[in-house]
Protein chains: 2
Amino acid sequence: MDGDSRKIPTHEVTYARLRDMILFGHLAPGAAVTIQGLVVDLGAGMTPVREAIRRLTAEGALEPQGNRRVSVPRMSAGMLEQVAFARLTIEPKLSEMAAKNLTPELIGLLQSLDNQVDQAIRAGDVPGYLEANHAFHFCLYEASAAPVLVDMARSMWLRFGPSLRVVCARFGRVSLPDRHLEALAAMRAGDGTALRAAIERDIAQGIEQVQAALAQGEI
Amino acid sequence: MDGDSRKIPTHEVTYARLRDMILFGHLAPGAAVTIQGLVVDLGAGMTPVREAIRRLTAEGALEPQGNRRVSVPRMSAGMLEQVAFARLTIEPKLSEMAAKNLTPELIGLLQSLDNQVDQAIRAGDVPGYLEANHAFHFCLYEASAAPVLVDMARSMWLRFGPSLRVVCARFGRVSLPDRHLEALAAMRAGDGTALRAAIERDIAQGIEQVQAALAQGEI
DNA sequence: GCTGCGATAATTTGATCAAATTTCTTGAAC
DNA sequence: GTTCAAGAAATTTGATCAAATTATCGCAGC
């Protein structure tokens, strides 16, 4: 029962939980992240919490404030520009590399993940949308067999995460044409170049959302 | 006043020391990195050592072995390809961005760092060369005011580090034309495009060194 | 406005527990 | 009698926790 929950160490679980909180916009930009706070909230010991915070700080998901405090970074225009450049460089490349390794089974899995994305959008289920969208992208990227570049993409998504909560607030106002359909069509056709282009447009669209929110001072 | 030795926390110092050991090729690829070993070697407590290892693992500088041990990653052809792509994407971009912010004082500092590089090469001082070369590149990159991309570059250099010890063994056999001179000339001329090109060639040259060593089974 | 005091939180240590690896032993088969 | 292998003890190393220490911040008093 709880014997197998013992298999996976506490600091890994704690890391995963804190990471997902950041990744899916549950933590506001600028919010303080304290060790003792997380010890209480997550019910973990001090050492696992420390490690989770350190790891995420190293990944750029959290920001040291100088005076040994840590907080969720605020997005600025400059940061967004850098993240946009990195994402638009790395992720299309990953897509193209993945195209060579896609099997019918994997494409089927990606299709079902995209169905979950659509379903979440129709249901207005924002957390569900974010998780399914993340799963879709990284399921594809991991097929690239390029762990170094996937790590870089993960870091960029973590820097993006806190801003998602404001983008979510725009959901009602802005339509989201689904680039994933183009991507899936390219996968089935075995067309790496088209897949790359579809992913590139998908990313550019997401970045524009955040850029617009930023310009309107919603972040 | 001199209480500043206590100002900077132990885990930061420990992190910096371990990072430099990796960055400058003092640790062999595949070598085991144990907490207790570092506790003895670095004379630090267990918690600071743990944190240093976690941070560096998150940065890709160390590799978990599955059975909760960590080791220095071995470079493979696939890894090298990914690191090469990332470096050749990020670092020329950083150079071009930095070009806009270079002051005469900064160019002077970079010139003196390059002098240290030359001096170390002439003296056959390998550690000195590695440190000065690193300082030159990141002094330039930090002028870009793009901390996100600089972090990515740092991570790539850390993945490169362990391979440097074998590249160093080739020093006697291979000549190293100095691309830094072209870079410095471009800086003085205020030519961002030329600076970008010079740095790109410098990086490509370094990668070719490792590629050649890898092909000959020296790693 | 500056200084010292108290509260809060981070840092660090050392001890203890758990997991994994290595080594040693034992027993059976040839 | 020798060899090999399975299993158990011992050692090494990692994980977690709780207590003691130290730094930082806010606030009162001068």
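Residue numbers begin at 1 in each chain, while the letters A, B, ... track the order of the sequences. As the structure is a computational prediction, the values presented were derived from the model and not from experiment.
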**Q.** Pairwise 5' ranking along DNA chain C for B:P48 and A:V33, keeping only the more 5' one
**A.** A:V33

Q) For the pair made of CD1 in B:I35 and P in C:dA18, what is the distance, rounded to whole Å? A) 17 Å

Q) Quick one: are A:R68 and A:P64 in side-chain contact, heavy atoms under 4.5 Å? A) no

Q.
Using whole Å, what does the distance between atom C1' of nucleotide C:dA9 and atom CD1 of A:I53 come to?
A. 11 Å

Q. Which whole-number value in Å describes the distance from A:R50 CZ to D:dC17 C1'?
A. 13 Å

Q: Just say parallel, tilted or perpendicular for the rings of A:W157 and A:H137, cut-offs at 30° and 60°.
A: tilted

Q: Using whole Å, report how far CZ of B:R55 lies from C1' of C:dT11.
A: 14 Å

Q: Measure from the side-chain heavy atoms of B:T34 and tell me the nearest of D:dG14, C:dT12, D:dT16.
A: D:dG14

Q | Interatomic distance, A:R69 CZ vs C:dT8 P [rounded to whole Å] | A | 12 Å

Q.
Please report whether the ring centroid of A:Y15 lies less than 6.0 Å from that of A:H11.
A. no

Q.
Please tell me if A:N67 has a side-chain N or O lying less than 4.0 Å from either OP1 or OP2 of D:dC25.
A. yes

Q) The side chain of A:T47 lies closest to which of these nucleotides: D:dC17, D:dA19, C:dA10? A) D:dC17

Q: Indicate yes or no: does B:E59 engage B:R154 in a salt bridge with an N to O separation below 4.0 Å.
A: no

Q: Would you kindly give the CD-to-P distance between B:E51 and D:dG14, to the nearest whole Å?
A: 16 Å

Q. Rounded to the Å, how far apart are B:R54 CZ and D:dT16 P?
A. 8 Å

Q. Taking atom C1' of C:dT12 as reference, at what distance in whole Å does atom CE of B:M46 sit?
A. 12 Å

Q. DNA chain D: A:R68 or A:H11, which has the more 5' nearest nucleotide?
A. A:H11

